[in-house]
Amino acid sequence: MKKLLYYIAALGLFTSAGCKKFLNQEPISDLGPESFWKSADDAKSGVAAIYDGVQKTLNGNYTDWGDARSDNFTYGGTGENQINVTLNGLNSLTGAANWSNLYFTIGRANLAIKYIPEIALTSSFTQIVRNNYLAQAYAIRAYMYFYAIRLWGGVPVRLEPYESLTEDPLAPRSGADSILNNIIIPDLVKAYSLVDKTNVTVWEMNAGAILALQTDVYMWKLDYAKALESSQNLINLSFKYDVSASNSTDWKKIFLDPANTKEAIWSLYWDSHDGGNGISKIGSGSNTSNYYIDSTVFMRYESNKNDIRRAVTYDTALVTAGTRIIQIGKFYPLNSSNKVVYPTNALNSALLPLYRIAEVLLLRAEALNKTSASKAPVFTIVNRIRTLRGLTPLVPADYPTDRDVETAVLNERQLELFAEGKRWFDLVRTGRVLETMDPLIRNRQKLLGISQTGFNDPRKILWPISRQALNRNTLLRQNEPYSE
């Protein structure tokens, strides 16, 4: 008898109505397909397990993968790991180099993709419902592989569930371009063909989220025409996502009440019973932050004090008092005194934005800069966001070259998406890692009194493969120049 080698753990997801759980199933373990994947409830639990996998994958890595190596943060606290990450001193034992949870999530998606089509339709479990579950499985599998290729380059690929101990679990690495073209993009096309276009639940990989991910993927591929097509399809959806927040209260809703703002597309809910969510690395009521805001982005916020995002990103009263900013509060509520309520690790609930409309529009602006002779459409997007957020519009004449325009877009993305796991990938995608990070790392090394080696090796843009993965899979070879 085949046994599923995955444990179906439930993830409580909130509906747009508020505090009602979308899924709240007991864990199911050691069940084969002959006793599971038989009913609508099984499909529901199986897809819940995929979201649980996303949570486990991004737990801690949300910041480490997307922000900690960028110019958004520098090292803080007393630990050694954050120094290694922010100084690009990564090695095979660095915690965030471990991709295990990412592959667990892919495995759960593979199970759903294989078995949900075999569940019989009923009056309530209709073809639309079944297809929508499948769409989420395909899209999240693509999302996981997209993280993988951006972090490690080529990675092992498995598109079937691992269900028997007689199966060979070892696989060599497939090339990043091959995975992008033959897995990620086809999975997203399939997902969009299956997804229920009327479903706008922010806690699920809905149609808008699939198109947002498509846009992100095509921008990574430097296929600007396709990125413009995907982003336009998102704009054309019957549910109109829109950038609208013009005050700090409304902007804060993106992070505290995303189900009730058209700015949010897809958010991930972390309930307090699931423990710390990794955002405590940049803001916690009980622990010292691992990462502190870097001076570069901090000075950009401070030079634009009318920016509505500034006041809810960190405690501006500390700036007035001359105290260093060591906690980021944008994900947490305010008390009656307008102070951030930082949770303890054990009670660290957060609603993490994975995609939102401002992000996609700024990617669209970046693509327009690459494809349009006129820069007017680029600045129309950028200045609309800037104006709503309380900043003065940019003057196109001040940005004479395509690179200057790209810098303007990236600067706006840095302020808009600060601490949301996007900045490092922006630097990599646009080829700006070394020029941005080398001087910063040299200065950090100088302050620590160590050799100023900087960041001058483009091979180190990729993460090392973890020692654990290398030991488990003898077909893997370490990314150069890291040692095994």
Side-chain angles (χ1 to χ4, degrees), residues 63 66-77 82-83 85-88 248 251-252 255 279 281-283 288-331 339-340 358-359 362 366 379 382-383 385-395 398-399 403-428 430 432-448 452 454-455:
T63 298
D67 276 306
R69 297 179 70 196
S70 78
D71 53 342
N72 276 354
F73 290 105
T74 186
Y75 55 84
Q82 53 263 41
I83 294 177
V85 172
T86 56
L87 269 61
N88 204 39
S248 294
W251 193 74
K252 189 79 168 178
F255 313 99
I279 295 300
K281 290 185 176 183
I282 57 174
T288 302
S289 297
N290 296 152
Y291 303 112
Y292 297 169
I293 189 171
D294 187 79
S295 58
T296 306
V297 66
F298 173 69
M299 292 306 296
R300 292 188 59 231
Y301 275 121
E302 287 303 303
S303 66
N304 296 282
K305 291 186 171 61
N306 291 327
D307 191 332
I308 64 171
R309 300 166 294 198
R310 169 180 172 266
V312 290
T313 297
Y314 52 82
D315 188 347
T316 56
L318 295 176
V319 181
T320 303
T323 304
R324 187 177 185 183
I325 302 299
I326 64 173
Q327 290 175 303
I328 302 303
K330 69 186 294 185
F331 302 102
K339 298 292 184 182
V340 176
E359 171 185 358
L362 288 169
E366 193 179 320
F379 286 99
V382 173
N383 284 337
I385 293 173
R386 286 179 62 85
T387 300
L388 283 167
R389 303 324 191 207
L391 302 180
T392 56
L394 301 179
V395 179
D398 293 339
Y399 301 87
R403 185 170 176 80
D404 292 332
V405 175
E406 182 182 77
T407 299
V409 177
L410 292 176
N411 284 346
E412 197 57 38
R413 280 179 62 84
Q414 185 176 29
L415 293 176
E416 177 70 24
L417 305 170
F418 176 74
E420 294 178 43
K422 308 294 181 178
R423 178 61 175 177
W424 172 255
F425 299 121
D426 281 357
L427 295 177
V428 177
T430 56
R432 295 172 180 247
V433 171
L434 270 60
E435 68 181 76
T436 301
M437 298 311 302
D438 184 63
L440 288 176
I441 289 178
R442 288 181 186 276
N443 184 60
R444 293 167 188 171
Q445 291 168 331
K446 180 179 179 181
L447 293 173
L448 288 169
Q452 297 173 46
F455 195 147

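It should be emphasised that the depicted structure is a prediction, and the values quoted were computed from it without experimental measurement.
- Thr436 places no side-chain N or O within 3.5 Å of a backbone atom of Val433 that could act as its donor or acceptor partner.
- The shortest non-hydrogen separation linking Phe331 to Ala419 is CZ-O, 3.3 Å.
- Counting all heavy atoms, side chain and backbone alike, Ser70 lies closest to Leu427 at CB-CD1, 4.1 Å.
- Relative orientation of the Tyr314 and Tyr301 rings is perpendicular, given thresholds of 30° and 60° on the angle between their planes.
- For the residue pair Arg310/Asn304, the side-chain donor-acceptor check at 3.5 Å is not satisfied.
- Counting heavy atoms from C-beta outward, Ile328 and Tyr292 have side chains that stay 4.5 Å or more apart.
- Side chains of Asn72 and Asp294: a donor-acceptor N/O pair is absent below 3.5 angstrom, by distance only.
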For this session: Determine, stepwise, if the pair Arg413 / Asp426 fulfils salt bridge (Lys or Arg N to Asp or Glu O under 4.0 Å).
Result: CA-CA 9 Å; Arg413 280 179 62 84; Asp426 281 357; 2.7 Å; yes

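- A salt bridge between Arg389 and Glu412 is absent, with no side-chain N of the basic residue lying under 4.0 Å from a carboxylate O of the acidic one.
- The minimum heavy-atom distance between Ile293 and Thr74, with the atom names listed, is O-CG2, 4.3 Å.
- Annotation for Ser248 and Ile308: closest pair OG-O, 2.8 Å, computed over non-hydrogen atoms.
- The shortest non-hydrogen separation linking Ser289 to Gly283 is OG-N, 3.6 Å.
- In this structure, Phe418 has its ring center no closer than 6.0 Å to that of Phe298.
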For this session: Show your working on salt bridge (Lys or Arg N to Asp or Glu O under 4.0 Å) between Glu435 and Arg403 and close with a plain yes or no.
Result: CA-CA 14 Å; Glu435 68 181 76; Arg403 185 170 176 80; 2.7 Å; yes

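- Using a 4.5 Å heavy-atom cutoff, the side chains of Val85 and Tyr291 are in contact.
- Contact between Thr86 and Arg444 at its shortest, heavy atoms only, is O-NH1, 2.9 Å.
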